[in-house]
A.B. asks: 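What follows is a single structure, and I will ask about it in a moment.
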Amino acid sequence: MDKAYEKQHDEKWQKFWDEKRLGVPEVAHALHPQPLKETFALLMPPPNVTGVLHQGHALMLALEDTLTRWNRMCGLETLYLPGTDHASIAVQMQVVKHLASKGIDHRSLGREGFLKECWSWINDYRPRIYGQVRSIGTNCDWERVKFTMDPELNKGVTHAFVELHKRGLIYRAEKLVNWSPVGQTVLSDLEVIFKEQKGHIWHLRYPLVDDPKKFLIVATTRPETMLGDVAVAVHPDDERYKALIGKKIRLPIIDREIPVIADTFVDPAFGSGAVKITPAHDFNDFEVGERHSLARPNIFTPDAKIVPNLAGKAAGWAGLDRFVAREKVVEEFKNLGLLERIEDHVNRIGTSERWGEVVEPYLSHQWFLKMDTMAKRAAEAVSTKRIEIVPHEFHNQFMRWMENIHDWCISRQLWWGQQIPAYHCRKTGKTVVSETPPASSQDHDWVQDPDVLDTWFSSGLWPLTTLGWPNVKAEDLKKFYPTSVLETGFDILFFWVARMVMMCMEFVDEVPFKKVYMHPMVRDEHGQKMSKSKGNVIDPLEIMNDFGADTLRLTLNALCVQGRDLKLSNERLDFYRAFINKIWNATRFALMKSEGSIDRSWMKRPAKPTHLHDRWILARLDEAARDLSKAWGEFRMQEAVDTLYHFIWSDFCDWYLECAKATREESDNTVKFVLGEILKMMHPLCPHATEELWHGMPGIKFEESLLVQKFPEGLGFPDSEALAEFKFFQDIVGQIRTLKAESKVAPSKAIRIWIKDAGPLSKKVIESTRDTLISMARLGDLSWGDAPAGSASTRLPVTAVEAGKSIEIVVPVSELKDLAEECDRLRKELASVEKLATSQASKLDNKNFVDRAPPEVIDKEKIKLEEYRDKAAKLSSTLKELEAQVKG
RNA sequence: GCUCGCUUAGCUCAGUUGGUUAGAGCGCUUCGUUGACAUCGAAGAGGUCACUAGUUCGAAUCUAGUAGCGAGUACCA
């Protein structure tokens with residue numbers, strides 16, 4: 001066996017699992033020794049088909065694969081379905097850029113030609129992301145892998161669109177939308193990122209038509225839109241302006257007359273109390289325009305430049321950029337003496353998620369999906385716990401969003417993506433929505449709508465289309481829907497999770513998943529977001545190359561707590577690599593003398609071991625297995641790792657194996673049995689290392705994968721007697737070790753001890769563990785009663801097995817090096833025990849406490865007091881004797 | 001503005017229905033190779049659980065408020 005584990009076996013086992021088809025639910029299930037009827041299904045959130053694995057993916061895969069393997073080992077028929085997303089905008093941008101680098105304008109290729117380029121680009125990159133997903137050790141079903149643009153998934157998307165249209169939920173309308181002037185496409189509300197920006201409010205004077213020497217002052221952050229003003233609104237009750245309502249003002253520059261109207265949306269306290277109304281370029285104004293039946297002149301081209309044919313002086317501004325036009329408007333007002341003042345102002349400004357430029361409210365024809373009824377149903381599923389969101393904080397966020405939802409704009413002015421199945425007739429202008437083109441399309445009367453669907457439309461159908469929908473009789477759909485868990489990052493709670501809930505429930509009237517687990521954001525060790533520009537990126541591919549996949553998986557799991565960002569660092573990775581190494585070496589030790597053995601008797605749980613430490617480690621195994629399953633069942637990923645860490649490192653290695661060194665032959669089967677169970681428990685986290693170690697266990701054949709072994713379950717009643725007795729054993733060993741360390745006796749010095757005051761139970765435990773006690777505490781000998789007369793001694797009180805009692809370990813002074821040191825140690829301990837006894841006594845003196853606390857609590861406190869007093873008395877008398885000795 | 005989190009040892013964090021002396025790892029101090037592991041073992045020091053008030057026999061834990069940090073979200077022109 002190698003001296004340490006790095007990553008030398010990763011690829012070997014990945015190949016092994018694939019060749020044995022262990023990711024295929026049916027295959028793995030058939031191999032399980034105790035298969036259950038239940039299923040566990042988890043759909044991988046599909047990474048972008050041309051993406052590169054980043055730390056967020058790594059976390060997602062590490063958690064999902066851990067949960068999947070655990071469920072599989074527990075005997076459930078388990079589906080973990082991988083796939084990729086066609087990422088409409090992202091891929092189109094990449095291909096456009098790629099073509100540009102070759103000097104090709106993508107538009108010159110035409111739609112068909114461009115799509116051909118997209119497909120070839122994807123076919124080049126798809127294997128890369130799949131390889132990276134595989135390299136972390138994901139045990140998913142590659143035979144069921146899906147891409148959101150696979151023909152059968154496209155069919156599902158088209159069917160969904162047509163069906164939703166039939167139900168009146170999809171409609172086409174001219175509305176004000178979020179427009180990206182750079183991307184030249186509409187964006188959904190979610191794709192707009194609001195950023196705080198320092199800007200100004202310009203107070204502009206609009207001259208009254210009746211009396212051009214008088215003005216109405218409007219306040220605006222976007223002076224350029226005054227070119228599209230159709231009215232000025234004031235609050236109907238605003239005394240300052242009441243008289244002006246119904247009058248007209250004359251717009252400077254374009255020299256047009258517009259009315260002053262009254263609308264309650266105006267806040268008289270803000271700005272000047274008068275608001276210019278530009279229905280085509282502001283969401284509020286649009287609504288005001290609707291209410292007052294105002295025209296909505298558009299002043300921008302799709303790339304946010306001034307349109308031609310504006311009235312007045314603005315006629316010559318055609319083609320001017322919106323921000324240049326802003327300055328020009330202000331300058332013009334200044335020249336006309338109509339600029340009242342400029343005020344500093346911080347406002348939140350919408351920018352496009354993808355390109356970063358300021359988004360323009362823009363009037364255009366788009367396809368929308370009605371949200372209200374779908375959202376109501378989704379909210380109900382969550383509020384009634386048919387879907388449980390973990391961590392719970394996201395529950396409220398989800399509900400809030402569902403309550404304030406607007407219709408979803410699903411069309412995009414792009415080429416790469418699912419083209420909308422709507423056909424417009426050139427002759428009649430009629431539009432038909434249909435899964436197949438109208439028959440007469442051959443004669444070119446019909447033309448398909450050029451827009452594609454928002455990528456998230458197909459993602460929203462992922463739980464359905466991957467399992468065979470719209471064929472409602474599909475095997476997978478019947479078997480695995482609803483899926484068990486959706487695991488993903490909270491950044492796509494609304495983008496994706498909410499849409500899946502709404503769309504899936506609309507079509508099959510059943511939730512798509514029973515639980516949603518949202519993992520935290522991965523950050524660097526200082527809590528900073530990882531970014532290339534900051535240079536703090538920890539690349540998962542590099543980590544796997546340096547440390548191996550298991551270390552990365554284990555570390556990500558170990559740092560994953562709810563409600564806090566995950567801070568990853570090389571230090572942590574080193575730490576968890578050491579943990580894997582610890583298990584590696586424990587196995588090396590356990591198998592030291594079994595090389596070549598094919599004796600499989602260790603696989604059976606030892607029935608009734610004689611040694612206390614053997615009984616104890618089995619009892620602890622049960623506890624650990626129970627804690628572990630509970631932790632994973634509640635998505636407490638860190639707690640699961642902590643449970644294993646403590647059990648394996650402290651209990652198994654530091655205590656159990658050390659004890660077993662004294663009872664090697666008799667403990668051998670227990671050592672191997674527990675080790676085997678440890679490998680099973682660690683397997684979901686560290687599949688490669690554990691699979692390698694498993695195959696080193698005596699008698700395990702090459703084809704036997706750890707992946708389909710039965711996961712340990714905590715037995716109903718752990719051996720509480722063994723737990724309590726071993727605690728007593730540990731206390732004795734601890735006391736002697738402390739004595740040696742504190743009073744400067746070499747740990748290796750085998751001192752003699754006597755034990756007195758032991759009750760029958762305590763005595764029995766000590767007798768039965770005599771050999772291990774001597775070996776663990778490094779004793780010369782252990783006798784009962786007092787040290788021989790004439791030799792002074794120090795005494796260590798230890799809590800006895802019997803409640804409220806303590807025993808005394810007697811160590812003759814001759815065994816000690818420095819009596820003064822020992823006196824100090826005793827004084828310190830006495831002081832602390834006395835303090836405990838005092839506070840305990842006052843607690844029990846409190847009448848309120850004794851009267852009102854439950855009796856079992858009082859009993860517990862009384863036993864404690866007895867024990868403290870007992871120990872204090874013993875310490876005090878020992879100290880007196882020793883002090884006399886020092887003086888004498 | 002609103003909503004929701006977070007604040008525990010020098011550092012990173014656990015602490016799941018209120019009840020042992022508030023835990024772990026790292027770091028620090030002292031010591032140590034009995035058959036795996038120095039990526040190791042033993043012992044030790046270190047905390048008025050952000051602050052204030054309340055509920056309770058009893059609060060890190062429950063309630064209210066304050067401060068600092070963070071996230072989500074809104075139509076303030």
Side-chain angles (χ1 to χ4, degrees), chain A residues 1 3-5 194 201 218-222 225 233 265-267 269-278 282-288 345 347-348 391 393-397 400-401 404 490-491 493-494 521 525 527 558-559 561-565 567 569 571-572 574-575 577-593 630-631 634 636 638-639 642 645-646 650 653-654 657-658 661-662 664 733-734 737-742 744-748 750 775 778 832-833 835-836 839-840 843 846-854 856-858 860-861 863-864 867-868:
Chain A
M1 247 177 102
K3 259 203 119 169
Y5 185 77
F194 286 91
I201 296 182
V218 301
T220 180
T221 53
R222 298 202 60 191
T225 61
F265 105 98
V266 179
D267 175 4
F270 189 85
S272 63
V275 186
K276 56 193 267 328
I277 301 299
T278 321
D282 183 280
F283 289 99
N284 276 319
D285 294 5
F286 183 85
E287 282 174 24
V288 175
H345 181 66
N347 58 347
R348 284 163 52 93
E393 294 93 85
F394 293 108
H395 177 100
N396 292 341
Q397 258 189 52
R400 236 169 95 98
W401 195 68
N404 300 315
F490 58 81
D491 48 329
L493 178 61
F494 306 136
M521 173 94 82
E525 59 191 306
L559 301 181
V561 292
Q562 288 169 9
R564 231 185 251 252
D565 292 334
K567 292 185 209 165
S569 67
E571 202 190 341
R572 297 301 188 133
D574 274 328
F575 180 79
R577 172 167 63 175
F579 180 35
I580 300 174
N581 186 58
K582 185 78 181 175
I583 299 168
W584 188 266
N585 276 294
T587 310
R588 233 160 46 103
F589 171 70
L591 301 181
M592 208 178 277
K593 290 194 175 141
K630 185 161 182 281
E634 293 169 3
R636 295 168 168 273
Q638 180 183 55
E639 209 167 291
D642 283 351
Y645 184 89
H646 185 257
S650 310
C653 293
D654 290 346
L657 285 184
E658 291 306 319
K661 283 174 183 173
R664 195 57 222 256
V733 173
R737 283 174 176 172
T738 308
L739 171 76
K740 286 185 180 178
E742 295 271 292
K744 310 277 188 263
V745 176
S748 55
S775 132
R778 305 279 210 89
S832 102
V833 175
K835 206 174 135 199
L836 286 176
S839 82
Q840 196 66 22
K843 197 175 198 175
N846 184 342
K847 196 167 175 306
N848 275 329
F849 174 72
V850 181
D851 287 350
R852 304 201 192 187
E856 62 271 23
V857 172
I858 296 173
K860 239 163 109 184
E861 299 298 326
I863 289 172
K864 259 191 274 174
E867 189 195 316
Y868 295 152

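So that the names make sense, note that chain A is the first sequence line, chain B the second, and so on, each numbered from 1. All heavy atoms count here, side chains included; hydrogens, waters and symmetry mates do not.
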A.B. asks: Evaluate the ring planes of A/F494 and A/W401, with Trp represented by its six-membered ring, and classify them as parallel (under 30°), tilted (30 to 60°) or perpendicular (over 60°).
C.D. replies: parallel
A.B. asks: Taking the same atom, C1', in B/rC26 and in B/rG68, what whole-Å distance lies between them?
C.D. replies: 26 Å
A.B. asks: Among B/rU39, B/rG41, B/rC76, find the nucleotide with the atom closest to the side chain of A/D267.
C.D. replies: B/rC76
A.B. asks: Using atom C1' of each nucleotide, how far apart are B/rG72 and B/rA77 to the nearest Å?
C.D. replies: 24 Å
A.B. asks: Verify whether one side chain among A/K276 and A/T278 offers a donor that lies under 3.5 Å from an acceptor in the other.
C.D. replies: yes
A.B. asks: Report the distance from atom CD of A/Q638 to atom P of B/rA14, rounded to the nearest whole Å.
C.D. replies: 6 Å
A.B. asks: Is B/rU55 paired to anything, Watson-Crick or G-U wobble with both distances less than 3.5 Å, and if yes, which nucleotide?
C.D. replies: none
A.B. asks: Under 4.0 Å: is that the gap between some side-chain N or O of A/R564 and OP1 or OP2 of B/rA14?
C.D. replies: yes
A.B. asks: Counting distance only, does the side-chain N/O of A/K567 pair as donor-acceptor with the main-chain N or O of A/G527 below 3.5 Å?
C.D. replies: no
A.B. asks: At 4.0 Å (heavy atoms only), tell me whether A/D574 reaches a base, stays on the sugar-phosphate, or touches nothing.
C.D. replies: nothing
A.B. asks: What does B/rU3 pair with, Watson-Crick or G-U, if both distances are under 3.5 Å?
C.D. replies: B/rA71
A.B. asks: So what's B/rC28 paired with, Watson-Crick or G-U wobble, going by both distances under 3.5 Å?
C.D. replies: B/rG44
A.B. asks: Under 4.0 Å from OP1 or OP2 of B/rG5: is there any side-chain N or O of A/Q562 that close?
C.D. replies: no
A.B. asks: Using Watson-Crick or G-U wobble geometry with both distances below 3.5 Å, tell me the partner of B/rA14, or none.
C.D. replies: none
A.B. asks: Can you tell me how far C1' of B/rG10 sits from CD of A/E571, to the nearest Å?
C.D. replies: 13 Å
A.B. asks: With rounding to whole Å, what would you report as the distance between B/rC6 and B/rA45 at their C1' atoms?
C.D. replies: 29 Å
A.B. asks: Between B/rA9 and B/rA14, how far apart are the two P atoms, rounded to whole Å?
C.D. replies: 12 Å
A.B. asks: Expressed as a whole number of angstroms, how long is the span from A/L657:CG to B/rC37:P?
C.D. replies: 13 Å
A.B. asks: Could you tell me whether the side chain of A/Q638 and the main chain of A/L559 form a donor-acceptor pair under 3.5 Å?
C.D. replies: no
A.B. asks: Take atom CD in A/E856; do more than 12 heavy atoms of anything else shown fall under 6.0 Å from it?
C.D. replies: yes
A.B. asks: With respect to the side chain of A/F575, which nucleotide from B/rA42, B/rC26, B/rA77 is positioned closest?
C.D. replies: B/rC26
A.B. asks: Rounded to the Å, how far apart are A/H345 NE2 and B/rC76 P?
C.D. replies: 9 Å
A.B. asks: Taking 4.0 Å as the cut-off, does a side-chain nitrogen or oxygen of A/K3 come that near to OP1 or OP2 on B/rA36?
C.D. replies: no
